Amino acid sequence: MEQEHKIDVKQALRVFDKATREGVKEGDGWHYRGLTVSTDFDGYTVFINSPKVKLTIFFHNKYTVDYQNAHDLQEFVDLLAKLDQD
(Lines give C-alpha, C1' and ligand atoms only; values in the text may rest on other atoms or scores of the structure.)
Protein backbone atom coordinates (compact mmCIF):
# COMPACT_ATOMS: atom_id res chain seq x y z
CA MET A 1 0.00 0.00 0.00
CA GLU A 2 1.01 3.59 -0.52
CA GLN A 3 1.84 4.36 3.13
CA GLU A 4 4.51 1.70 3.67
CA HIS A 5 7.17 4.41 3.64
CA LYS A 6 5.89 5.48 7.06
CA ILE A 7 7.68 2.62 8.83
CA ASP A 8 10.91 3.64 10.54
CA VAL A 9 12.80 0.33 10.44
CA LYS A 10 15.47 1.36 12.95
CA GLN A 11 12.76 2.45 15.39
CA ALA A 12 10.88 -0.81 14.84
CA LEU A 13 14.05 -2.80 15.55
CA ARG A 14 14.63 -0.84 18.77
CA VAL A 15 11.08 -1.70 19.85
CA PHE A 16 11.69 -5.35 18.91
CA ASP A 17 14.81 -5.37 21.10
CA LYS A 18 12.92 -3.78 24.00
CA ALA A 19 10.10 -6.32 23.61
CA THR A 20 12.53 -9.26 23.77
CA ARG A 21 14.09 -7.82 26.94
CA GLU A 22 10.97 -6.63 28.76
CA GLY A 23 8.13 -8.66 27.23
CA VAL A 24 6.63 -11.98 28.27
CA LYS A 25 8.05 -14.96 26.35
CA GLU A 26 5.45 -17.39 25.08
CA GLY A 27 5.37 -20.05 22.41
CA ASP A 28 4.64 -17.65 19.57
CA GLY A 29 7.20 -15.00 20.61
CA TRP A 30 7.35 -12.16 23.09
CA HIS A 31 4.26 -10.22 24.10
CA TYR A 32 4.85 -6.58 24.95
CA ARG A 33 2.28 -3.79 25.39
CA GLY A 34 -0.02 -4.78 22.54
CA LEU A 35 2.60 -6.30 20.24
CA THR A 36 3.78 -9.82 19.56
CA VAL A 37 7.36 -10.03 18.24
CA SER A 38 9.31 -13.00 16.94
CA THR A 39 11.98 -14.05 14.45
CA ASP A 40 12.39 -16.81 11.93
CA PHE A 41 14.65 -19.76 12.73
CA ASP A 42 17.92 -18.00 11.87
CA GLY A 43 17.05 -14.58 13.30
CA TYR A 44 17.43 -12.71 10.00
CA THR A 45 13.73 -11.99 9.64
CA VAL A 46 11.86 -10.12 12.37
CA PHE A 47 8.09 -10.09 12.84
CA ILE A 48 6.29 -7.34 14.76
CA ASN A 49 2.54 -7.85 14.94
CA SER A 50 -0.33 -5.96 16.48
CA PRO A 51 -3.88 -7.27 16.27
CA LYS A 52 -4.41 -5.32 13.01
CA VAL A 53 -0.96 -4.87 11.44
CA LYS A 54 1.80 -7.33 10.55
CA LEU A 55 5.28 -5.93 9.94
CA THR A 56 7.99 -8.21 8.57
CA ILE A 57 11.56 -6.88 8.47
CA PHE A 58 14.01 -8.76 6.27
CA PHE A 59 17.78 -8.71 5.94
CA HIS A 60 19.17 -5.29 4.85
CA ASN A 61 16.16 -3.52 6.41
CA LYS A 62 13.76 -4.39 3.61
CA TYR A 63 10.22 -4.86 4.90
CA THR A 64 6.62 -5.58 4.14
CA VAL A 65 3.63 -4.40 6.11
CA ASP A 66 0.14 -5.89 5.93
CA TYR A 67 -2.85 -3.87 7.11
CA GLN A 68 -6.47 -3.27 6.18
CA ASN A 69 -6.66 0.54 6.25
CA ALA A 70 -4.60 3.67 6.80
CA HIS A 71 -6.04 4.22 10.30
CA ASP A 72 -4.76 0.81 11.48
CA LEU A 73 -1.33 1.54 10.04
CA GLN A 74 -1.21 4.96 11.71
CA GLU A 75 -2.12 3.44 15.09
CA PHE A 76 0.69 0.90 14.63
CA VAL A 77 3.23 3.60 13.70
CA ASP A 78 2.13 5.66 16.70
CA LEU A 79 2.46 2.65 19.01
CA LEU A 80 6.00 1.97 17.76
CA ALA A 81 6.92 5.61 18.37
CA LYS A 82 5.44 5.55 21.89
CA LEU A 83 7.18 2.29 22.84
CA ASP A 84 10.48 3.56 21.44
CA GLN A 85 10.23 6.65 23.67
CA ASP A 86 9.12 4.86 26.87
Side-chain angles (χ1 to χ4, degrees):
M1 299 212 159
E2 73 280 353
Q3 294 188 346
E4 286 188 38
H5 67 278
K6 294 180 78 172
I7 301 295
D8 180 339
V9 173
K10 290 181 180 174
Q11 178 185 67
L13 291 173
R14 287 191 301 268
V15 171
F16 173 85
D17 182 59
K18 185 181 281 189
T20 60
R21 288 184 284 114
E22 299 178 15
V24 176
K25 176 76 168 118
E26 294 186 10
D28 59 344
W30 292 267
H31 295 269
Y32 181 70
R33 298 178 63 183
L35 297 177
T36 301
V37 305
S38 60
T39 65
D40 65 351
F41 70 95
D42 61 9
Y44 284 113
T45 304
V46 168
F47 306 98
I48 303 175
N49 300 326
S50 73
K52 297 179 181 177
V53 177
K54 298 187 183 323
L55 172 63
T56 305
I57 303 173
F58 303 99
F59 197 57
H60 295 303
N61 292 343
K62 304 285 186 216
Y63 68 89
T64 62
V65 62
D66 295 319
Y67 58 96
Q68 293 298 313
N69 60 60
H71 178 73
D72 293 344
L73 178 61
Q74 189 59 52
E75 282 185 342
F76 182 79
V77 168
D78 292 346
L79 178 59
L80 289 179
K82 179 179 181 342
L83 295 178
D84 188 38
Q85 295 301 313
D86 288 350

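Source: prediction; values computed, not measured.
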Report, one line per pair, each donor and acceptor closer than 3.5 Å where one atom sits in a side chain of residues 75-83; sequence neighbours left out.
residue, atom, partner, partner atom, Å
Glu75, OE2, His71, NE2, 3.0
Asp78, OD1, Gln74, NE2, 2.8
Lys82, NZ, Asp86, OD2, 3.0

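- Here OG1 of Thr39 is found 11.5 Å from CD1 of Ile48. Values are rounded to the nearest 0.5 Å.
- In this structure, the separation between OG on Ser50 and CZ on Arg33 is 14.5 Å, given to the nearest 0.5 Å.
- Listed here is the closest heavy atom pair of Gly34 and Pro51: O-CD, 3.7 Å.
- Note that OG1 of Thr45 and CZ of Phe58 are 6.0 Å apart. Values are rounded to the nearest 0.5 Å.
- At a threshold of 4.5 Å between non-hydrogen side-chain atoms, the residues Val46 and Val37 do not count as touching.
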Between Leu73 and Ile7, does the side-chain contact (heavy atoms from CB on, under 4.5 Å) criterion hold? Intermediate values first, please. CA-CA 9 Å; Leu73 178 61; Ile7 301 295; 4.1 Å; yes

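- Within the 4.5 Å cutoff, side-chain heavy atoms of Asp40 are placed close to those of Phe47.
- In terms of heavy-atom proximity, Ser38 sits nearest to Gly29 at CB-CA, 4.1 Å.
- Under a hydrophobic-cluster definition in which Ile, Leu, Val, Met, Phe, Trp and Tyr are linked whenever side-chain heavy atoms come within less than 4.5 Å, directly or via other members, Leu13 and Val53 are assigned to the same cluster.
- With a 6.0 Å radius and a threshold of 12 heavy atoms from other residues, nucleotides or ligands, Lys10 has its NZ atom at or below the threshold.
- For Tyr44, the OH atom is loosely surrounded, since the number of other residues' heavy atoms within 6.0 Å does not exceed 12.
- Taking CG from Leu55 and CG from Asn49, the interatomic distance works out to 8.0 Å, rounded to the nearest 0.5 Å.
- Residues Tyr32 and Ala19 come closest through the heavy atom pair CB-CB, 3.7 Å.
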